[in-house]
There are 2 protein chains.
Amino acid sequence: MKFFQVKSVEETQKLIHKMVKPLTEAITMPLDHALHFVLAEDITVRENVPNFRRSSVDGYAVRAKDTFGSSESMPGFLTVVGEVKMGQVPERPIQSGEAMYVPTGGMLPDGSDAVVMIEHCEEISHLLNLYRQVAPGENLISIGEDLKEGAVLLAKGTKLRAQEIGALASQGIHQVSVWRKPVVGYLSSGDEIVPMESPDLRMGEVRDMNGATIGSLVKQWGLDFIYGGIVEDSRDELERRARELLDISDCLILTGGSSVGTKDYSVEVIEALGDPGVYVHGISIKPGKPTILSQAGIKPIIGLPGHPASAMIIFSLFGKPILDILGGGSVNHLRLTFAKVTKNIPSAPGRTDYIRIRLFEENNEWYAEPILGKSGLISTLVKSDGMLEIASESEGIHKGERVPVILFQ
Amino acid sequence: MKFFQVKSVEETQKLIHKMVKPLTEAITMPLDHALHFVLAEDITVRENVPNFRRSSVDGYAVRAKDTFGSSESMPGFLTVVGEVKMGQVPERPIQSGEAMYVPTGGMLPDGSDAVVMIEHCEEISHLLNLYRQVAPGENLISIGEDLKEGAVLLAKGTKLRAQEIGALASQGIHQVSVWRKPVVGYLSSGDEIVPMESPDLRMGEVRDMNGATIGSLVKQWGLDFIYGGIVEDSRDELERRARELLDISDCLILTGGSSVGTKDYSVEVIEALGDPGVYVHGISIKPGKPTILSQAGIKPIIGLPGHPASAMIIFSLFGKPILDILGGGSVNHLRLTFAKVTKNIPSAPGRTDYIRIRLFEENNEWYAEPILGKSGLISTLVKSDGMLEIASESEGIHKGERVPVILFQ
């Protein structure tokens with residue numbers, strides 16, 4: 001049996017980045033199902049966008065030098081020689097002294113090199129009065145200005161958001177190679193835990209609320225979740241059921257049984273599931289100290305504390321980056337924000353504290369109001385928007401200090 | 001035909017809150033499919049949580065007054081009379097002078113009123129040395145302390161996140177009454193727009209990237225999306241197809257055709273779809289001025305500008321709250337953050353500007369780096385994390401100023 005020193009949050013994060021490897025099984029996905037998948041290939045630009053010189057305003061295509069010197073007090077004059085229709089090639093080029101109407105997005109006729117906005121001129125029976133001059137290139141988008149043929153449009157490892165899906169669509173790419181998403185298995189252990197559906201509780205029993213919370217987070221992160229049920233307190237049974245579930249999943253979550261109580265064999269079971277085995281047992285964090293992180297081959301195993309709030313906080317903090325890396329993507333930094341605290345919060349140095357908070361806004365600033373309560377409390381979770389971090393070297397934070405907040409979403 | 005004055009962003013938001021009404025069609029949903037649905041009923045607490053006095057630490061259940069005066073230098077002594085097992089009722093009450101081992105989450109024996117943490121005492125053959133005193137109620141969670149029977153657990157209108165699903169599970173509630181989610185229909189108009197799958201483009205053509213972007217946002221927000229295809233520039237055809245799609249959806253999105261160009265009949269078509277009709281035509285905003293907001297009965301209709309970045313910005317800004325309200329929930333405020341800008345950005349007063357930005361972190365502060373580019377550019381969208389707001393009365397923002405940022409996620 002290995003012996004473990006309690007790790008700091010920073011050490012734990014470093015170990016996660018060192019230990020967890022991406023699954024990297026590429027699958028082909030139709031674009032309209034590819035949202036939130038991670039690209040398994042670089043995508044290069046196939047066609048220049050735009051593939052023609054396009055007006056960025058409603059106006060008149062002109063030669064810029066024909067407009068030089070035009071102003072409200074000294075208008076210039078040009079001859080209007082037609083109109084460009086959306087989606088169509090202009091009927092003819094323009095010559096010096098000529099202008100052609102072009103709508104936003106319309107193609108510029110040859111010979112033109114700028115567009116005068118409709119607001120800055122006036123057409124009176126084919127004569128255009130110009131009240132402003134334009135520079136060459138003004139109010140147009142040139143060929144390839146947006147996307148240049150051959151350039152990398154999206155790099156391997158990019159998580160596809162709405163705008164990336166749009167960018168791929170603009171290139172006519174309707175299927176992409178992406179990494180298969182991890183499947184997450186979950187097992188709850190403890191004699192006191194009963195199925196969520198149990199109508200009545202006997203004294204001392206609690207329903208498996210962690211299964212519901214952790215399962216919802218996994219689904220919210222876009223991954224498949226296998227609920228493996230509840231295992232009674234028996235070392236052999238826990239190992240058998242954990243092995244079964246690990247066989248059909250890419251990552252295994254266990255809750256309960258990870259505190260230093262009398263019947264704590266979950267760390268032994270997790271260790272027995274495969275090499276390299278447990279690399280974190282105990283984190284200097286509150287709540288959630290008895291967390292276990294392990295790996296059987298490339299499959300991460302996470303032993304969460306049984307208290308609902310601790311389980312959710314630890315899973316948000318460490319489970320999310322583990323699953324992000326396993327899925328082949330980078331860790332999403334936008335769940336992080338910063339807020340000023342509304343009251344003093346004491347903290348013990350040598351340990352990172354996470355305090356559930358409610359956020360409110362005032363004068364372009366987030367304020368975090370601590371929701372104080374014991375770590376097992378469901379009610380504090382329901383009231384909270386996220387959690388605030390008190391760094392391990394700190395003895396607490398003062399009212400008005402700005403601190404990092406991780407959003408629950 | 002109605003005439004419209006361009007509205008400010010604030011006026012538009014007020015009108016949205018006034019015009020858009022929730023769908024309020026209640027459906028029954030199994031709890032494990034209820035994530036991100038909105039509750040159609042108040043949920044009251046059915047059972048106290050905990051339903052027994054529970055220890056919040058590993059330790060010994062005691063009478064607090066037996067510990068008074070105990071310290072490292074002057075330890076107290078108690079007799080250990082047994083052990084409470086997880087999920088089981090203690091075998092007997094304790095008397096004065098006695099202590100009973102209780103694990104975290106275990107039930108306190110009658111007669112005890114506090115728990116001494118295992119770290120603060122030492123058991124030597126049934127004799128417990130106490131190195132600290134505890135107050136009555138210390139290290140325990142009393143009956144109903146977390147959730148009190150009869151109290152409102154979750155109010156009607158609450159959007160169910162992971163923690164709410166967990167709270168419902170803890171109460172043995174395995175199905176809930178929620179509002180049906182809105183179905184969103186989408187139609188693209190414009191002669192230059194061709195299907196996303198088109199392998200080759202003729203001069204002047206662009207693929208329907210907006211369908212892909214808007215569709216992805218709708219799906220990301222958890223709603224069903226019906227892609228209605230592309231309509232060529234014909235007033236009658238647009239009206240016919242829009243009516244067809246509106247019949248089978250709860251909200252209709254149209255893109256393109258909303259600028260003040262020559263062939264602009266989209267506002268007429270939208271107005272013709274039903275009363276009360278168009279309530280916003282033009283917003284003093286950049287990009288996205290030619291936005292149309294309307295309502296046919298209780299069905300919202302949104303006319304988006306055709307430029308991809310404008311369409312996405314407008315849909316994020318106004319489409320999201322419209323769909324949040326339509327779905328019976330409140331507007332999610334957590335897409336908002338605040339950041340300091342990295343450079344001066346000029347802006348015209350009288351118009352709210354939205355600038356795409358990339359966020360980076362430094363010293364507990366978000367910094368927003370503007371991604372400058374024309375509003376039609378796909379590349380700027382792909383590079384951006386969100387958009388920064390410059391208020392309409394402002395002439396711009398200075399480097400280092402803190403401003404609101406709406407995240408693209």
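As the structure is a computational prediction, the values presented were derived from the model and not from experiment. Here is the naming used below: chain letters follow the sequence lines, and residue numbers restart at 1 for every chain.
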- [ ] Can you measure from CG (A/Asn48) to CD (A/Glu145) and round to the nearest 0.5 angstrom?
- [x] 11.5 Å

Open item on the list: Apply side-chain hydrogen bond (donor to acceptor under 3.5 Å, both in side chains) to residues A/Asp208 and A/Tyr227 and explain how you reach the verdict.
Closed with: CA-CA 11 Å; A/Asp208 185 17; A/Tyr227 178 69; 2.6 Å; yes

Open item on the list: Looking at B/Lys148 and B/Glu47, is any side-chain nitrogen of the basic one under 4.0 Å from a carboxylate oxygen of the acidic one?
Closed with: no

- [ ] May I ask you to name which of B/Gly190, B/Ala212, B/Ser170 has the most heavy-atom pairs under 4.5 Å with chain A?
- [x] B/Ser170

Open item on the list: Using side-chain heavy atoms (C-beta onward) and a distance below 4.5 Å, is B/Leu140 in contact with B/Ser55?
Closed with: no

Open item on the list: What part of B/Val49 gets within 4.5 angstrom of chain A, counting heavy atoms only: side chain, backbone, both, or neither?
Closed with: side chain

TODO: Examine whether an atom of A/Leu381 lies under 4.5 Å from a heavy atom of chain B, and if so say whether it belongs to the side chain, the backbone or both; otherwise answer neither.
DONE: both

Open item on the list: Less than 4.5 Å apart, side chain to side chain, heavy atoms only: is that true for A/Thr213 and A/Phe315?
Closed with: no

Task: Engaged part of A/Leu147 at the chain B interface, taking heavy atoms whose separation is under 4.5 Å - done: side chain

Open item on the list: Heavy-atom cut-off 4.5 Å, strictly under: side chain, backbone, both or neither for A/Val206 against chain B?
Closed with: side chain

- [ ] Look at B/Glu192, B/Gln88, B/Arg46, B/Gln163 and state which one has the largest set of heavy-atom pairs under 4.5 Å with chain A.
- [x] B/Gln163

Task: Max heavy-atom pair count under 4.5 Å with chain A, selected residue of B/Met196, B/Met107, B/Met209, B/Arg402 - done: B/Arg402

TODO: Can you tell which part of A/Ile214 gets under 4.5 Å to a heavy atom of chain B, answering side chain, backbone, both or neither?
DONE: neither

- [ ] Against chain B, label A/Val194 side chain, backbone, both or neither, depending on which of its atoms sit under 4.5 Å from a heavy atom there.
- [x] neither

- [ ] Tell me, for A/Glu365 versus chain B, whether the close heavy atoms (under 4.5 Å) come from the side chain, the backbone, both or neither.
- [x] both

- [ ] Could you give me the CA-CA distance, side-chain angles and deciding distance for B/Trp366 and B/Phe338, then say whether ring pair (Phe, Tyr, Trp, His ring centres under 6.0 Å) is met?
- [x] CA-CA 7 Å; B/Trp366 279 125; B/Phe338 304 98; over 10 Å; no

TODO: Could you have a look at B/His174, B/Arg202, B/Glu205 and say which one has the most heavy-atom pairs with chain A under 4.5 angstrom?
DONE: B/His174

Open item on the list: Ignoring hydrogens, what is the shortest heavy-atom contact between A/Met387 and A/Ser316? Give both atom names and the distance.
Closed with: CE-CB, 3.9 Å

Open item on the list: Which atoms of A/Leu168 are under 4.5 Å from chain B, going by heavy atoms: the side chain, the backbone, both sets, or neither?
Closed with: neither

Task: Part of B/Leu160 lying under 4.5 Å from any heavy atom of chain A - done: neither

Task: A/Leu31 to A/Ala169 - nearest heavy-atom pair and separation - done: CD2-N, 3.7 Å

TODO: Check each atom of B/Leu35 against the heavy atoms of chain A and say whether the ones under 4.5 Å are side chain, backbone, both or neither.
DONE: side chain

Open item on the list: Counting C-beta onward and ignoring hydrogens, is there a side-chain heavy-atom pair between A/Val405 and A/Leu407 closer than 4.5 Å?
Closed with: yes

